[in-house]
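Some notes on the structure that comes next.
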Amino acid sequence: MSEGLTALWLSAQLAAITTALLLLIGTPLAWWLANTTSRWKPLVQSIVAMPIVLPPTVLGFYLLILLGPNGAIGSFWVSLTGNALTFTFTGLVIASCVYSLPFAVQPLASVFESVGRQELEAARTLGAGRIDAFVSVIVPLSAHGYLSAIVLAFAHTLGEFGVVLMVGGSIPGETRVIAIEIFDRVETLDYGLAHGLSALLLAFAFVILVTMYVVNRRLARR
Amino acid sequence: MTERIDFHYSLERGDFSLDVEASLAMRGITGVFGPSGAGKTTLLRCIAGLESAARGRLAIGGDVLDDDSHRTPTDRRRIGYVFQEPRLFPHLDVRRNLEYGAKRAESNSGFSFDETVEILRLGSLLDRRPSRLSGGEAQRVAIGRALLSSPRLVLMDEPVTALDMESRTEVLPFIEALHAKAAIPILYVSHSVDETLRLCDDLLVLDGGRKLAHGDLSDVLTRRDLPVLSGEEAGSVLAATFLEYDENFDLTRAEAAGGELLLPGELDSSRPIRIRIRANDVSLSLTEASDTSILNKLVASVEAIDDDSPHSVLVRLRCGGEALSARITRRSLEELRIAPGARVIAQIKSVSVRSGRL
């Protein structure tokens, strides 16, 4: 059971760190997508959406090459820190950020498109700079978009399997996340623990989605 | 006072183009008047720095904000903006909406928080969310919020147009009160002559993105060469002085250049009175009828007769040195044989009183 808990804790850490990073990266990216008239917009939109349609093993394969000691990012990382990125937790965080990017960016972009354009102008005339006005007006008015982005990015990262298997392998406490743990249990015919962990994930996914929809309904009514 | 607000903006957008240059006094309310599509809102947005495609120059009291090489971002201009809709921040209560601009202002010139709350009567609303305010209340908060950001110029874009009649009569007195108390210049967009007449000192008339006229309100409103002031809004502005108040009938007797007038309500005896008479409210007769409900009759001479519509004409009158116009039917014109030089009695059905209101 303790192995199950280790995997669960690892997954939770991975999902939390990935979600936090995705909010930082996703906010400016989503704002740009919501406001730009650039002809590059469809291209950027497509790149952001790729992880939704791409088989995780394909994404994982390219990430493995890119993050590997001879890959563009991997070799840079080695020269910087002396450590490899593949089969490490840091490598998993980077891979998860790519894998879950659309689940953070898309809800944010759609809420940014609909919210606060007029209030933003009012804030600027009241002396708020660009970033100040964004943080004090757009972010609070986009609360339900942020909630969706957090829930979807977190839950999606928690459930990832293919990408992790390709990039991270199955090192206990380092890269053996919960989905891998369940797979290993089934492989070794340990159905008891597989049942326990699966039921836990099922319940978690259901509760978190119900919570999201209920809170979003409240926010929309406000 | 030599300091002025000078601007010259141009903007092309599709088949609309704006090119307006003007110089405003550093105090008082300047009305920006014109039909819809005249470029009134666009001009205000240029001045506020909200139109990125605009090119031009803006200087407030010698401080250059926009020119060919430099544009000051909106948040550094210290120009307050009251939009047509209140645009309050829905996630903040009234107090924090009011404080939003004040917190970000470098200096605190003009009104204090308490003064603003007092003048705009916002005391009982401070803890409410914007969604719990009526239209008139929300617009009062928006005006207060703009004033508290210590602006050196306030732009108001038809702040009462979206309101119902009741809320409108609720908000207008507050703008009048501001005018009396504040030295901040205000640019006030309106398409209602009566509103303009009530609030403004000067008038800037726009049509099709161009300046048609700019100057003292009475001078501009009595000009006849402005197409936007014809039609329903055609009329004239007269100056009058207070004579006495008749308590029995709640009427004020006032002396105008062409004779005495009876005006509704009690007016301030110490202030000059300005009244507006719409051409639609003036009828003409050749003799002084005594059996009529109309109180105000002025002796006038006909100066000219302008074509107006297939069935009506605009008769330009001179009345003790002041201009007056009357809209009558072509049939009446013929029956009464009214021609330039004729002496007529102008019967005035109703007047709107501008200043001098108590």
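Since the model is a prediction, treat every value here as computed from it, not as a measurement. Values below: every heavy atom of this structure, side chains too, minus hydrogens, waters and symmetry copies. Throughout, protein chains are lettered first and strands after them, A, B, ... in sequence-line order, and every chain is numbered starting at 1.
Atom CZ of B:Arg128 has more than 12 neighbouring heavy atoms from other residues, nucleotides or ligands inside a 6.0 Å radius. With a 6.0 Å radius and a threshold of 12 heavy atoms from other residues, nucleotides or ligands, B:Phe174 has its CZ atom above the threshold. More than 12 heavy atoms of other shown residues, nucleotides or ligands fall within 6.0 angstrom of atom CZ in B:Phe16. Annotation: A:Ile131, atom CD1; neighbour count of heavy atoms from other residues, nucleotides and ligands within 6.0 Å does not exceed 12. Within 6.0 Å of the OH atom in A:Tyr62, the count of heavy atoms belonging to other residues, nucleotides or ligands does not exceed 12. In this structure, B:Glu118 places its CD atom where only 12 or fewer heavy-atom neighbours from other residues, nucleotides or ligands lie under 6.0 Å away. Around atom CZ of B:Arg76, no more than 12 heavy atoms belonging to other residues, nucleotides or ligands sit under 6.0 Å away.
Considering every non-hydrogen atom in both B:Arg87 and A:Glu119, the closest pair reads O-CG, 4.3 Å.
Only the backbone of B:Leu88 comes within contact range of chain A, with heavy atoms under 4.5 Å apart. In this structure, chain A has a heavy atom under 4.5 Å from the side chain of B:Ser149, while its backbone stays farther away.
Using modelled atom types, no side-chain atom of B:Arg104 and backbone atom of A:Ala128 make a donor-acceptor pair closer than 3.5 Å.
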Step by step, work out the side-chain contact (heavy atoms from CB on, under 4.5 Å) result for B:Tyr81 and A:Glu121.
CA-CA 9 Å; B:Tyr81 204 133; A:Glu121 282 188 352; over 6 Å; no
Please determine whether side-chain contact (heavy atoms from CB on, under 4.5 Å) holds for the pair A:Ser136 and B:Tyr100, giving the CA-CA distance in whole Å, both sets of side-chain angles, and the decisive distance to 0.1 Å.
CA-CA 9 Å; A:Ser136 62; B:Tyr100 190 94; 2.5 Å; yes
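Of the inter-residue distances, the one linking B:Arg145 atom CZ with A:Thr125 atom OG1 reads 7.0 Å to the nearest 0.5 angstrom. From B:Thr74, atom OG1 reaches atom CG of A:Leu126 across 11.0 Å, with rounding to the nearest 0.5 Å.
Note on A:Gly129, A:Gly127, A:Gly116: by heavy-atom pairs under 4.5 Å with chain B, the leading option is A:Gly127.
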